[in-house]
Amino acid sequence: MAQVAITAERLDLEALTTELVREARGDGAVATFTGLVRDHNQGRNVCFLEYEAYEPLAVRALHRIVDEARATWPDVRLGLHHRIGRLEIGEASIVIVAVSPHRSDAFAACRYAIERVKQIVPIWKREHFEGGDVWLEGATADPDDENARQAAQRIACA
Amino acid sequence: MAQVAITAERLDLEALTTELVREARGDGAVATFTGLVRDHNQGRNVCFLEYEAYEPLAVRALHRIVDEARATWPDVRLGLHHRIGRLEIGEASIVIVAVSPHRSDAFAACRYAIERVKQIVPIWKREHFEGGDVWLEGATADPDDENARQAAQRIACA
Amino acid sequence: MRVTIRLFARLRDLAGAAELVREVPDHATVQTVWNALKSEMPSLVEYERTMSVAVNAEYSRMGAAVHEGDEVAFLPPVSGG
Amino acid sequence: MRVTIRLFARLRDLAGAAELVREVPDHATVQTVWNALKSEMPSLVEYERTMSVAVNAEYSRMGAAVHEGDEVAFLPPVSGG
């Protein structure tokens, strides 16, 4: 199982974790994050979401996040899988796993990773709600924006 | 599956998560923490660990942590399972799951919970290492120590 | 020379196409490609200040040179996670 | 009156018993119970400043009253997680 992936398949947090902790005899901490599709957003009743990615660039952006995290937390091993296509309410759109000797780094790297995903990974979601649909738009992706990167690092509470 | 538990059985993060996210149609974030037995500690080669609990008080202390977290993060649902007995290298001693509408609260409550477990839950581990064994001792448990609680809350980065 | 233009999410909806092939002058930059595209499809201009660009699936800049056969992508603000 | 004393982890090892039943005077407190115990087993005294106490599986204080049949626990610093 690849450390990073963009996939139309159902995500499997447990399999990704198993892969990362294999022979992790020196690691004492695993922090994970899972993003789920919610049934409402900004006052709208959501029916389902549709995720689209610029796949080759999205995979590179995920690898970039892994590299950035390694530079800050050298002992952390990070896995990130993002799903695309149609997702129903309650399904997982993203799973992130951080394995580390100590919990502090595992939590920080995991949190950092989800913040960076929202900043620089070329994925878009179209929300299908009762009465219409709308493309959600967040951050202008710029991996070289050091202010954004530092904001993610502050939020990570390292 | 109970929200909190002290058990000699192998822990099941996925089952606990499934239980907590059932009908979680308004929740978009799941943060988890798993503690694993490491093969070394303070320069010693660890063979295995043995966990002991004062079970009725430990269960109450876990419930207390759930209540404290609810007071700070009312939208978070928290699950904590701690294993006791003999644990081999790489096995999970604790799993914590925090489910929330938003990721910030999920991360904070999850981190808060593990810090509080280490402060106030009457569980002890005996480390069996190459050449002997030793009881590890951390914090003097005092649930009414507000300084300790606030320290946990600061670390949670709420 | 010929380049392939890739459009995503709402930019794709506005253009009515995910992929376009266009002739651009030699020594063109990403900016040249964009200028031609927005002349052709004025509704895209609202993304001019918020979009990102990529060349051959690497993030790039408006001033970057493009070459024969390059894939030039225009990306609305992202919303993954 | 009679109380049950519970000891855990290294306190248990030092005492050589997880559970003891002892007679204590009426109107005893947790402190009374502890004082009797450390007289009997002086090696336990090293935990006097770091231990926690519980009565009937609720955290308590040295000054708390104990009653006939209570379970009084002495807990070394914890190390769960």
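A, B, ... follow the sequence lines: proteins, then strands. Residue 1 opens every chain.
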* Structure fact -> Under 4.5 Å to a heavy atom of chain C? For A:A53 that would be backbone
* Structure fact -> All heavy atoms of A:I120 vs all of C:V78, minimum pair found to be N-CG2, 4.4 Å
* Against chain C, label A:Y54 side chain, backbone, both or neither, depending on which of its atoms sit under 4.5 Å from a heavy atom there. => both
* Where the side chain of C:T50 meets the backbone of A:T140, is there a donor-acceptor pair that is under 3.5 Å apart? -> no
* Part of A:W124 within contact of chain C (heavy atom distance under 4.5 Å) -> both
* Structure fact -> Most contact-rich option vs chain C, by heavy-atom pairs under 4.5 angstrom, among A:I84, A:I123, A:L80, A:V59, is A:I123
* **Proximity breakdown for A:Q119 and chain C, heavy-atom pairs closer than 4.5 Å** => backbone
* Structure fact -> Applying a strict 4.5 Å limit to non-hydrogen atoms, the region of A:I94 in contact with chain C is side chain
* Neighbour count >12 (heavy atoms, 6.0 Å) for atom CD, A:E9 -> no
* If you count heavy-atom pairs under 4.5 Å with chain C, which of A:P122, A:A58, A:A139, A:P56 comes out on top? -> A:A139
* Structure fact -> The reported gap from CG in A:D144 to CZ in C:R61 (rounded to nearest 0.5 angstrom) is 5.0 Å
* Structure fact -> Minimal heavy-atom distance between A:V117 and C:G80, with the atoms involved, is CG1-C, 4.4 Å
* Asked: What is the minimum heavy-atom distance between A:L136 and C:S79, and which atoms define it?
  -> O-OG, 2.8 Å
* Taking C-beta and beyond as the side chain, do A:D142 and C:Y59 meet within less than 4.5 Å on heavy atoms? -> no
* **Residues of residues 5-12 of chain C within contact distance of chain A, non-hydrogen under 4.5 Å** => C:R6, C:F8, C:A9, C:R10, C:R12
* **Heavy-atom proximity to chain A below 4.5 Å, by part of C:D13** => side chain
